[in-house]
Amino acid sequence: MQLSHNTTLFKKQKFPITLVCDHVSNAANLGSLFRTADAFGIEKLVFCGSNIALGRKMTKTSRATEKYVNYEIHTDISEVIKSLKMNGYHIVALEITTNSQSIQNYTFNKSQAIALIVGDENFGISEAVLQQADTILHIDMYGQNSSMNVVQATTVALYEITKQLSL
């Protein structure tokens with residue numbers, strides 16, 4: 001018998017992870033990020049940029065998880081990152097770059113809160129934001145494409161991070 005969210009035996013848990021979105025604006029992606037944030041028990045979701053549309057299209061995809069996930073909207077991501085750093089967060093950018101490390105080979109510090117930055121659907125994380133990151137990680141890709149959808153990549157990254165923090 002298939003279980004519902006009311007009948008699963010999963011332990012409810014919050015992780016010291018803040019997901020920061022650098023100009024992610026597609027309504028379906030926004031809704032899916034709420035679902036992913038809820039599924040992985042992150043503490044907060046922060047959308048940065050302009051034209052963040054939290055309307056009907058987003059709520060259709062989110063399946064009401066925006067009611068349970070703490071979230072904020074800011075225009076200036078640099079200010080958000082500065083604030084997170086001042087509060088002791090380790091800033092991790094998820095992007096394939098010439099100096100990024102594989103997330104599979106990275107060990108997360110269990111005693112430090114994490115801010116995971118994900119990027120714009122078309123252009124990724126801006127260079128200015130990458131320069132503010134403490135660590136840049138990527139997901140190894142084995143096919144022809146060099147990137148994933150922002151929600152898919154976020155899901156893979158949060159799986160790896162929460163798996164390590166749970167051990």
Side-chain angles (χ1 to χ4, degrees), residues 13-55 57-59 61-62 64-101 103 106-139 147-165:
Q13 188 171 352
K14 282 283 183 209
F15 289 93
I17 302 168
T18 293
L19 178 60
V20 180
C21 304
D22 183 13
H23 290 87
V24 176
S25 59
N26 175 281
N29 285 340
L30 297 174
S32 293
L33 287 168
F34 272 108
R35 288 182 75 178
T36 297
D38 179 61
F40 285 100
I42 70 162
E43 66 182 8
K44 188 184 293 181
L45 180 54
V46 181
F47 298 108
C48 298
S50 54
N51 302 320
I52 308 297
L54 299 183
K57 282 185 179 179
M58 184 282 300
T59 57
T61 307
S62 73
T65 52
E66 76 281 358
K67 296 175 184 173
Y68 308 106
V69 174
N70 292 326
Y71 72 94
E72 298 174 358
I73 300 174
H74 297 273
T75 53
D76 189 350
I77 191 169
S78 291
E79 290 301 316
V80 170
I81 294 170
K82 278 185 209 169
S83 175
L84 288 165
K85 280 189 176 201
M86 285 176 40
N87 286 299
Y89 281 76
H90 183 74
I91 310 300
V92 177
L94 185 62
E95 187 69 72
I96 298 172
T97 70
T98 55
N99 62 337
S100 59
Q101 304 171 58
I103 195 168
Y106 187 80
T107 302
F108 291 91
N109 182 344
K110 293 180 182 185
S111 63
Q112 186 175 23
I114 298 165
L116 177 65
I117 303 172
V118 297
D120 173 281
E121 292 93 338
N122 297 310
F123 305 107
I125 299 172
S126 70
E127 190 60 39
V129 171
L130 288 173
Q131 290 177 11
Q132 289 182 282
D134 298 314
T135 304
I136 303 173
L137 300 177
H138 66 259
I139 297 165
S147 69
M148 283 185 216
N149 170 278
V150 63
V151 177
Q152 294 167 335
T154 301
T155 303
V156 170
L158 288 174
Y159 176 81
E160 180 62 31
I161 296 167
T162 58
K163 179 181 79 172
Q164 286 190 29
L165 296 181

Peer 1: Check whether D22 reaches the backbone of S126 with its side chain - one donor and one acceptor, N or O, closer than 3.5 Å.
Peer 2: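 Checking the backbone N and O of S126 against the side chain of D22, a donor-acceptor pair under 3.5 Å is found.
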Peer 1: Identify, with sequence neighbours excluded, every residue that meets side chain to side chain donor-acceptor pair (under 3.5 Å) alongside D76.
Peer 2: none
Peer 1: Considering all heavy atoms of both residues, which atom of I139 and which atom of I96 are nearest to each other, and what is their separation?
Peer 2: O-CD1, 4.4 Å
Peer 1: Check A157 against L94 and note the closest heavy-atom contact, atom names and distance.
Peer 2: CB-CD2, 3.7 Å
Peer 1: In chain order, what residues pass the ring pair (Phe, Tyr, Trp, His ring centres under 6.0 Å) check against F47, with sequence neighbours excluded?
Peer 2: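 Result, ring pair (Phe, Tyr, Trp, His ring centres under 6.0 Å) vs F47: F34.
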Peer 1: Report the residues that fulfil side chain to side chain contact (heavy atoms under 4.5 Å, CB included) with A39, sequence neighbours left out, ordered by chain and then residue number.
Peer 2: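 In terms of side chain to side chain contact (heavy atoms under 4.5 Å, CB included), with neighbours along the sequence ignored, A39 is linked to no residue.
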Peer 1: Please identify each residue that fulfils side chain to side chain donor-acceptor pair (under 3.5 Å) with T155, with sequence neighbours left out.
Peer 2: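 T155: side chain to side chain donor-acceptor pair (under 3.5 Å) contacts with T36.
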Peer 1: Among all residues two or more places apart in sequence or in another chain, which pass the salt bridge (Lys or Arg N to Asp or Glu O under 4.0 Å) test with K82?
Peer 2: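 Scan of K82 (salt bridge (Lys or Arg N to Asp or Glu O under 4.0 Å), adjacent residues dropped) gives E79.
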Peer 1: Just jot down the side chain to side chain contact (heavy atoms under 4.5 Å, CB included) partners of N26, sequence neighbours excluded, or say none.
Peer 2: A28, N29, E121
Peer 1: What's the separation between atom CD1 in I125 and atom CD1 in I136, rounded to the nearest 0.5 Å?
Peer 2: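 I125 atom CD1 to I136 atom CD1 measures 8.0 Å (nearest 0.5 Å).
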Peer 1: Please name the pair of heavy atoms, one in E95 and one in L130, separated by the smallest distance, quoted to 0.1 Å.
Peer 2: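 Taking every non-hydrogen atom into account, CB-CD2, 4.0 Å.
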Peer 1: So, taking the atom named CG in L19 and the one named CZ in F40, what distance separates them when rounded to the nearest 0.5 Å?
Peer 2: 11.5 Å
Peer 1: List for me each residue that meets ring pair (Phe, Tyr, Trp, His ring centres under 6.0 Å) alongside Y159, sequence neighbours excluded, and say none if there are none.
Peer 2: none
Peer 1: State which residues pass side chain to side chain contact (heavy atoms under 4.5 Å, CB included) with K110; sequence neighbours excluded, sorted by chain then number.
Peer 2: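 Scan of K110 (side chain to side chain contact (heavy atoms under 4.5 Å, CB included), adjacent residues dropped) gives L165, L167.
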Peer 1: By side chain to side chain donor-acceptor pair (under 3.5 Å), which residues pair with E72, not counting sequence neighbours?
Peer 2: K44, H74
Peer 1: Sequence neighbours left out, what passes salt bridge (Lys or Arg N to Asp or Glu O under 4.0 Å) with K163? Give chain and number order.
Peer 2: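 By the salt bridge (Lys or Arg N to Asp or Glu O under 4.0 Å) rule, K163 matches E160.
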Peer 1: Name the atoms and distances for all side-chain donor-acceptor pairs under 3.5 Å in residues 85-92, with sequence neighbours left out.
Peer 2:
| residue | atom | partner | partner atom | Å |
| --- | --- | --- | --- | --- |
| K85 | NZ | Q132 | O | 2.7 |
| N87 | ND2 | S83 | O | 2.8 |
| Y89 | OH | E43 | OE2 | 2.2 |
| H90 | NE2 | Y106 | OH | 3.2 |
| H90 | NE2 | T135 | OG1 | 2.7 |

Peer 1: With S111, which residues qualify under side chain to side chain donor-acceptor pair (under 3.5 Å), at least two apart?
Peer 2: N109
